[in-house]
Amino acid sequence: MNVMEPSVGGARQPPTLIATTPPASKATAGTKDTTGGSSTDARNSAAVVTLSETAQASLTTQTATQTAGKKDFATVAKDARAAIDAKYAELTANGKPMDYMHATQESWDTVYGGLDRRALFAIASNSDGSFSKDEQDTAQSIMSQQQGQAMMAADPAGNDHAARFRAGVAFLEGVSDEEKASANWAVQRAANQFGYEQTMRSSGREPDDLDSENPLVAMIKGAMDRLKDKSPEAVATGGYVKDLKDMPLFRDGVPAVVAGPGPSLDIRA
């Protein structure tokens, strides 16, 4: 099965099936458009947000160090809101107010370069309702870039896509508990396992068992297996998944998730 190949950081990579790039917008930062919509046609023109290497180096892409003694998630969201507002003010004071339609590399790095992945997820998921659509899309694009870089590092020559998909699975297993409770994570986790197994078998190799104990991941992966001979659109949405019911994969309804050990699942993004 062929799947979509998004471009992350300017380099092609095996897809994670959900290819998210933040749309351009006329709106300048500082206006908290929490409705998730925009009246401008500029949103039809997608742009990839890529942080510089220096800015990327300052990001915490794995959450192992965040787990011990971590803040509650509401505080993470509140701090992220305060942090990017302060950066907006800094840019404005320097005569370079943030404009998401014409943002420069300096703007992206200034506003988002100091945020760790948990903070980025708080923004991307709009966890407290205070983040604009531009901010959500930008944070998700940076998160996708992080995952893409982890995948490419496992196969820099581009000769073993199975290794990249497996690295994608490993990367996703290392993110925060809050991110793992989202529908988007479950879809990504299932999609990367699906991609790993498909590419291994297509090259005559038997894949290792990467099954997740998460029942939602198992359900989505099973659905992907059943649709593996159909078009990519039957599996992927091409965007950030907030609700499984929006996916073509589940256009006939989302199957009930069998309860498993641990806390109940929240399939919202």
Side-chain angles (χ1 to χ4, degrees), residues 1-22 46-66 105 108-109 112-121 123-124 137-176 179-180 182 184-205 207-208 210 212 217 220-221 224 228 232 235-241:
M1 169 184 168
N2 294 322
V3 286
M4 298 187 298
E5 288 200 53
S7 176
V8 177
R12 290 180 68 81
Q13 64 175 23
T16 53
L17 290 187
I18 305 304
T20 304
T21 56
V48 176
V49 174
T50 304
L51 294 186
S52 66
E53 291 184 5
T54 301
Q56 277 289 343
S58 71
L59 294 173
T60 303
T61 58
Q62 297 292 338
T63 58
T65 58
Q66 300 176 36
Q105 188 66 60
W108 298 130
D109 291 350
Y112 294 93
L115 301 173
D116 64 24
R117 189 172 179 92
R118 200 162 170 241
L120 289 169
F121 178 69
I123 298 170
D137 289 341
T138 300
Q140 179 58 33
S141 181
I142 295 169
M143 292 170 69
S144 296
Q145 180 189 359
Q146 292 174 343
Q147 181 181 336
Q149 289 175 336
M151 293 171 71
M152 293 183 70
D155 176 37
N159 297 322
D160 188 356
H161 283 191
R164 295 194 184 189
F165 282 119
R166 184 165 189 156
V169 170
F171 179 88
L172 291 165
E173 288 293 341
V175 302
S176 67
E179 187 173 346
K180 287 181 179 179
S182 70
N184 196 62
W185 180 87
V187 172
Q188 288 282 352
R189 174 60 174 79
N192 276 271
Q193 181 183 349
F194 175 81
Y196 165 73
E197 292 178 359
Q198 288 293 95
T199 51
M200 284 289 287
R201 291 186 176 118
S202 68
S203 62
R205 295 175 289 173
D208 292 334
L210 300 184
S212 172
V217 172
I220 297 170
K221 169 60 167 49
M224 289 179 174
K228 63 185 178 182
V235 175
T237 66
Y240 183 70
V241 177

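Nothing here was measured: the structure is a model prediction, and the numbers come from that model.
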Exercise for the section: Give the minimum heavy-atom separation between Ala163 and Asp155, together with the two atoms involved. Expected result: CB-CB, 4.5 Å
Problem - Sub-4.5 Å side-chain heavy-atom contact between Tyr196 and Met200 - result: yes
Practice task
Find the distance between CZ (Arg166) and CE (Met151) and round it off to the nearest 0.5 Å.
Solution key: 13.5 Å
Handout entry: 4.5 Å side-chain heavy-atom contact, Glu173 and Arg189
Key = yes
Problem - Under 3.5 Å donor-acceptor, Ser141 side chain and Asp137 backbone - result: no
Problem - Interatomic distance, Gln193 atom CD to Leu172 atom CG [nearest 0.5 angstrom] - result: 11.5 Å
Practice task
Indicate the ring-plane relationship of Phe165 and His161, choosing parallel, tilted or perpendicular according to the 30° and 60° boundaries.
Solution key: perpendicular
Practice task
Hey, could you give me the CZ/CD1 distance between Arg118 and Ile123, rounded to the nearest 0.5 Å?
Solution key: 13.0 Å
Completion exercise
All heavy atoms of Val217 vs all of Ala190, minimum pair found to be O-CB, 3.8 Å
Exercise for the section: Would you please name every residue forming a side-chain hydrogen bond (donor to acceptor under 3.5 Å, both in side chains) with Arg205, sequence neighbours left out? Expected result: Asp160, Ser203
Practice task
Ignoring hydrogens and angles, state whether a donor on the side chain of Asn184 or Gln188 is under 3.5 Å from an acceptor on the partner side chain.
Solution key: no
Exercise for the section: Calculate, to the nearest 0.5 Å, the distance between atoms CE and CZ belonging to Met143 and Phe171 respectively. Expected result: 7.5 Å
Problem - Gap separating the OG1 atom of Thr138 from the OH atom of Tyr112, nearest 0.5 angstrom - result: 4.5 Å
Handout entry: Closest contact, heavy atoms only, Tyr240 versus Ala124
Key = CE2-O, 3.9 Å
Exercise for the section: Under the side-chain contact (heavy atoms from CB on, under 4.5 Å) rule, what do Gln146 and Leu120 come out as? Steps first, then yes or no, please. Expected result: CA-CA 11 Å; Gln146 292 174 343; Leu120 289 169; 3.7 Å; yes
Exercise for the section: Nearest 0.5 Å please: distance from the CG atom of Leu115 over to the CD1 atom of Ile142. Expected result: 7.5 Å
